[in-house]
Protein chains: 2
Amino acid sequence: MQHNLTRDELRQRLLEGGLKATHQRIVVFEAVMDLHGHHPTPEEVYQHLRPANPTLSLGTVYKTLDTFVETGLIKRALSEEGGKRYDANTHVHNHIYCSKTREIVDFEDAELEQLLADFFSKRNLENFEIKGFSVQLTGNKVEPDKQIRITRVSK
Amino acid sequence: MQHNLTRDELRQRLLEGGLKATHQRIVVFEAVMDLHGHHPTPEEVYQHLRPANPTLSLGTVYKTLDTFVETGLIKRALSEEGGKRYDANTHVHNHIYCSKTREIVDFEDAELEQLLADFFSKRNLENFEIKGFSVQLTGNKVEPDKQIRITRVSK
DNA sequence: ATACTAGATAAGAATGTTTCTTACTTAGGA
DNA sequence: TCCTAAGTAAGAAACATTCTTATCTAGTAT
């Protein structure tokens, strides 16, 4: 359990979104935060919670995750391989996607955001109300057991 | 039929990829090209082809599309909503994704590619072999019946 | 504290999607 | 023309997602 919001804080955030703060919603929310960085599928969330919540049903997990996305509490991650992935990180950020392991790694980069914001201010979108943009790097991990990292070139 | 490759050219491209040029592969390839811009699902490809190819099976469509992706003849498009989408456009390009209609619109922008290439040359990726990057705009169509377009701001 | 009510949940059925299996067929090479 | 590796059809199987309905519960009013 590495999430850092108390249940009362979670309860608060659910209510702010106009959602009843039920036990199921609280634990599903916690699970997505606990699995942060994994961009879990509904099934993974379900398996994570099952031991401690044997009465929870998979259908509820699906529904709850989608409800959270609608409310903006979490986001859906883009994936190439089909299937739904969820992301506790609601900040503007980008993804590195490994085709081999299907891992999705977040990266935030203010410089990149600024670059893109500047760029799109020079473009006109007709008939489209833009909610956000993100950059997706696609490729393959070299060492499957080691982490992927992105760093600034030091010169 | 707005695709512009002859069957012999297609046959050629399949063979270059080390694939036997069977009738099924040729028509599936044509279908993805015909549906270019729609980023079709396997089911859509199947429905498109069924009238003229009543013996074609859905399983073959799935398998064939994946084979093409492996060979690099087509790409998979990223989607938020789960489910597989395929893209005949193998050029480097970006996508505009409408959450409302689930439409995916391609856009190519050399200036943007250059900007990103320059940017990533200033970043180091540890343990990741990058195959490509793309920008995804997410948002909603305003008029569902009209086209989405992106243009340069004229000053 | 208790009762009420809208909304949430469990459970599993229904539906939809993707993969797998097997026997049959075909493209391309000898 | 024959041979063989590879591809295909067909449907079963596995898997993923959504829907339905009866039951339950959080938050509210009493």
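Note on naming: letters A, B, ... go to the chains in the order of the sequence lines (proteins, then strands), and numbering restarts at 1 for each one.
- Across all strands shown, B:Leu65 has no heavy atoms under 4.0 Å from either base or sugar-phosphate atoms.
- Side-chain contact check for B:His95 versus B:Ser134: every heavy-atom pair is 4.5 Å or farther apart.
- Terminal axes of the helix from C:dA1-D:dT30 to C:dA30-D:dT1 (five pairs each, C1' rotation axis) are separated by 30°, to the nearest 10°.
- Note on B:Thr60: a base of the nucleic acid sits closer than 4.0 angstrom, heavy atoms only.
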Can you list, pair by pair, the side-chain donor-acceptor contacts under 3.5 Å of residues 64-78 of chain A, counting residues two or more places apart and other chains?
residue	atom	partner	partner atom	Å
A:Thr64	OG1	A:Thr60	O	2.5
A:Asp66	OD1	A:Tyr86	OH	2.7
A:Thr67	OG1	A:Lys63	O	2.7
A:Thr71	OG1	A:Thr67	O	2.6

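- Heavy atoms of B:Gly82 sit nowhere under 4.0 angstrom from any nucleic acid atom.
- Looking at B:Pro40 and B:His48, their side chains never come closer than 4.5 Å, going by heavy atoms from C-beta outward.
- Under the 4.5 Å side-chain criterion, counting only non-hydrogen atoms from C-beta, B:Leu116 is in contact with A:Leu112.
- The nucleotide range of DNA chain D contacted by chain B, defined by atoms under 4.0 angstrom from heavy atoms of the protein and reported 5' to 3', is D:dA5 to D:dA10.
- Residue-to-nucleotide proximity on DNA chain C shows that, of A:Val61 and B:Glu43, the 5′-proximal contact is made by A:Val61.
- Within the structure, side chain to side chain donor-acceptor pair (under 3.5 Å) pairs that include any residue of residues 135-148 of chain B comprise B:Glu103-B:Lys141 (at least two apart or interchain).
- Of the two residues near DNA chain D, B:Gly59 and B:Gln24, the one whose nearest nucleotide lies more 5' is B:Gln24.
- Using a 4.5 Å cut-off on side-chain heavy atoms (C-beta onward), A:Arg11 and A:Ile26 make contact.
- In this structure B:Arg25 satisfies the salt bridge (charged side-chain N to carboxylate O under 4.0 Å, His left out) test with no other residue, sequence neighbours excluded.
- Comparing B:Leu19 and A:Thr22 by the nucleotide of DNA chain D that holds the closest heavy atom to each, the one mapping nearer the 5' end is B:Leu19.
- Summary of the strand contacts: A:His23 and B:Gly83 both lie near DNA chain C, and taking for each the nucleotide with the nearest heavy atom, the more 5' one is attributed to A:His23.
- No side-chain N or O of B:Gln12 forms a donor-acceptor pair with one of B:Asp8 less than 3.5 Å apart.
- Here the side chains of A:His39 and A:Asp106 are in contact, with some heavy-atom distance below 4.5 Å.
- Formation of a donor-acceptor pair under 3.5 Å by the B:Glu44 side chain with backbone atoms of B:Thr41 is found in this model.
- No option in A:His38, A:His93, A:His36 other than A:His93 meets the side chain to side chain donor-acceptor pair (under 3.5 Å) test with A:Asp87.
- Counting 5' to 3', DNA chain C first comes under 4.0 angstrom of a heavy atom of chain A and last does so at the ends given by C:dA6 to C:dA11.
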